[in-house]
Engineer: 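Quick one: the structure is below, questions incoming.
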Amino acid sequence: DMFDRTLIAEHDLELAKIAATNSEAQFEAAKAGLAQAQYELDYSVVHAPFDGIVIERHVDVGQTIITRQQAVPMALFVERGRMAAHGGTSLQQIKKLSNGQAVNVRVDGKNHDATISRLALEPDSKGLYGITVIFSTEDSDYRVGQPATIKLP
């Protein structure tokens, strides 16, 4: 507008256009930097796939994690309201069991319906085959490592 009214020279107009283009480029670069920072912030937050309780933590807040070099878990957590009981049984007994089969677990004097989630394929050093069962603890205040008895059919 000032050039059209002959208040500034053509050289000054070109300098103003260059400055405006430079400012727009800086603005776009700043927007790209903001988008990159937002992406990195979003990517830096770890979310659990379910409501759970952290029972072990192997990293600290702010620590850089490089997952391509080492496959180390950052944390160990369990689903809230569900627990697992681990035990061992004989070869004859494990042959009668299957994954998904209903069993009973007794913890702290209370019986709970449970489901077999894992049956070992080989024995441990004592000759027992491992078994893991999952049961609901919605109404209980159990802790990891608490003794349990698995009642098999």
Side-chain angles (χ1 to χ4, degrees), residues 1-5 7-88 94 97-125 128-150:
D1 187 41
M2 292 176 72
F3 176 75
D4 291 339
R5 293 186 292 168
L7 297 175
I8 61 171
E10 189 169 325
H11 174 71
D12 293 334
L13 175 63
E14 291 302 317
L15 289 177
K17 286 180 182 179
I18 291 170
T21 302
N22 189 21
S23 295
E24 287 175 10
Q26 288 178 351
F27 177 68
E28 292 300 322
K31 283 187 356 187
L34 176 62
Q36 178 68 30
Q38 185 63 49
Y39 170 77
E40 290 174 1
L41 177 63
D42 292 344
Y43 191 70
S44 70
V45 177
V46 178
H47 296 278
F50 51 81
D51 184 24
I53 302 167
V54 175
I55 59 174
E56 286 182 26
R57 186 174 55 119
H58 303 283
V59 294
D60 294 318
V61 174
Q63 182 176 343
T64 301
I65 307 299
I66 303 173
T67 58
R68 292 183 184 140
Q69 293 180 352
Q70 244 179 347
V72 178
M74 292 184 283
L76 178 61
F77 61 101
V78 294
E79 186 174 352
R80 186 180 305 276
R82 289 180 47 162
M83 290 196 86
H86 306 283
I94 205 162
L97 304 173
S98 62
N99 283 328
Q101 185 175 353
V103 294
N104 194 278
V105 176
R106 185 170 182 82
V107 183
D108 216 18
K110 297 178 186 174
N111 289 321
H112 299 275
D113 293 329
T115 305
I116 296 175
S117 67
R118 185 189 68 83
L119 296 169
L121 297 175
E122 57 186 50
D124 61 14
S125 61
L128 297 176
Y129 288 81
I131 178 174
T132 301
V133 300
I134 305 294
F135 62 100
S136 174
T137 60
E138 294 293 335
D139 59 340
S140 304
D141 190 27
Y142 299 143
R143 298 286 183 246
V144 174
Q146 192 168 347
T149 303
I150 303 171

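The basis for the numbers below is simple: all heavy atoms, side chains too, and nothing from hydrogens, waters or symmetry mates.
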Engineer: How long is the gap from CD1 on Ile131 to CD1 on Ile94, to the nearest 0.5 Å?
Structural biologist: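 Taking CD1 in Ile131 and CD1 in Ile94, the distance rounds to 6.0 Å.
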Engineer: Which residues satisfy the side chain to side chain contact (heavy atoms under 4.5 Å, CB included) test with Phe27, sequence neighbours excluded?
Structural biologist: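 Here the qualifying residues are Lys31.
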Engineer: To check you understand the geometry: which heavy-atom pair defines the closest contact between Ile134 and Ala84, and what is its length?
Structural biologist: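 Of all heavy-atom pairs spanning Ile134 and Ala84, the closest is CD1-CB, 3.7 Å.
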Engineer: Would the number of heavy atoms belonging to other residues, nucleotides or ligands and lying under 6.0 Å from CG of Leu41 be above 12?
Structural biologist: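 Buried by this count: over 12 neighbours within 6.0 Å.
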Engineer: What residues, two or more places apart in sequence or in another chain, satisfy ring-ring contact (aromatic ring centres under 6.0 Å, His included) together with Tyr129?
Structural biologist: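 Partners of Tyr129 under the ring-ring contact (aromatic ring centres under 6.0 Å, His included) test: none.
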Engineer: The criterion is side chain to side chain donor-acceptor pair (under 3.5 Å); which residues satisfy it with Glu56, sequence neighbours excluded?
Structural biologist: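 Glu56 satisfies side chain to side chain donor-acceptor pair (under 3.5 Å) with His58 only.
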Engineer: Quick one: list whatever passes side chain to side chain contact (heavy atoms under 4.5 Å, CB included) with Gln146, sequence neighbours left out.
Structural biologist: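 Scan of Gln146 (side chain to side chain contact (heavy atoms under 4.5 Å, CB included), adjacent residues dropped) gives Val107, Asp108, Tyr142, Arg143.
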Engineer: Which residues pass the side chain to side chain donor-acceptor pair (under 3.5 Å) test with Glu40, not counting sequence neighbours?
Structural biologist: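 Listed in chain order: Gln36.
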Engineer: Mind checking what makes side chain to side chain donor-acceptor pair (under 3.5 Å) contact with Asn99, not counting sequence neighbours?
Structural biologist: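 Applying side chain to side chain donor-acceptor pair (under 3.5 Å) to Asn99 gives none.
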Engineer: Find the distance between OG (Ser136) and CD (Glu79) and round it off to the nearest 0.5 Å.
Structural biologist: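 It is 9.5 Å, given to the nearest 0.5 Å.
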Engineer: According to side chain to side chain contact (heavy atoms under 4.5 Å, CB included), who are the partners of Asn111, at least two apart in sequence or on a separate chain?
Structural biologist: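 Applying side chain to side chain contact (heavy atoms under 4.5 Å, CB included) to Asn111 gives Asn104, Arg106, Lys151.
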Engineer: Among all residues two or more places apart in sequence or in another chain, which pass the salt bridge (Lys or Arg N to Asp or Glu O under 4.0 Å) test with Asp124?
Structural biologist: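 Partners of Asp124 by the salt bridge (Lys or Arg N to Asp or Glu O under 4.0 Å) criterion come out as none, since no residue qualifies.
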Engineer: Once side chain to side chain contact (heavy atoms under 4.5 Å, CB included) is applied, do any residues pair with Ala85, and if so which ones, sequence neighbours excluded?
Structural biologist: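 Val105, Val133, Phe135, Ala148, Ile150.
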Engineer: Please name all residues satisfying side chain to side chain donor-acceptor pair (under 3.5 Å) with Asp42, sequence neighbours left out, ordered by chain then number.
Structural biologist: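 With sequence neighbours excluded, Asp42 shows a side chain to side chain donor-acceptor pair (under 3.5 Å) to Gln38, given in chain and number order.
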Engineer: Which salt bridge (charged side-chain N to carboxylate O under 4.0 Å, His left out) pairs, counting each pair once, include a residue from residues 109-122, with sequence neighbours left out?
Structural biologist: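 Counting only pairs at least two positions apart or across chains, no salt bridge (charged side-chain N to carboxylate O under 4.0 Å, His left out) contact touches residues 109-122.
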Engineer: Starting at CG of Leu97, measure out to CG of Leu119 and round the result to the nearest 0.5 Å.
Structural biologist: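 Rounded to the nearest 0.5 Å, the CG-CG separation comes to 6.0 Å.
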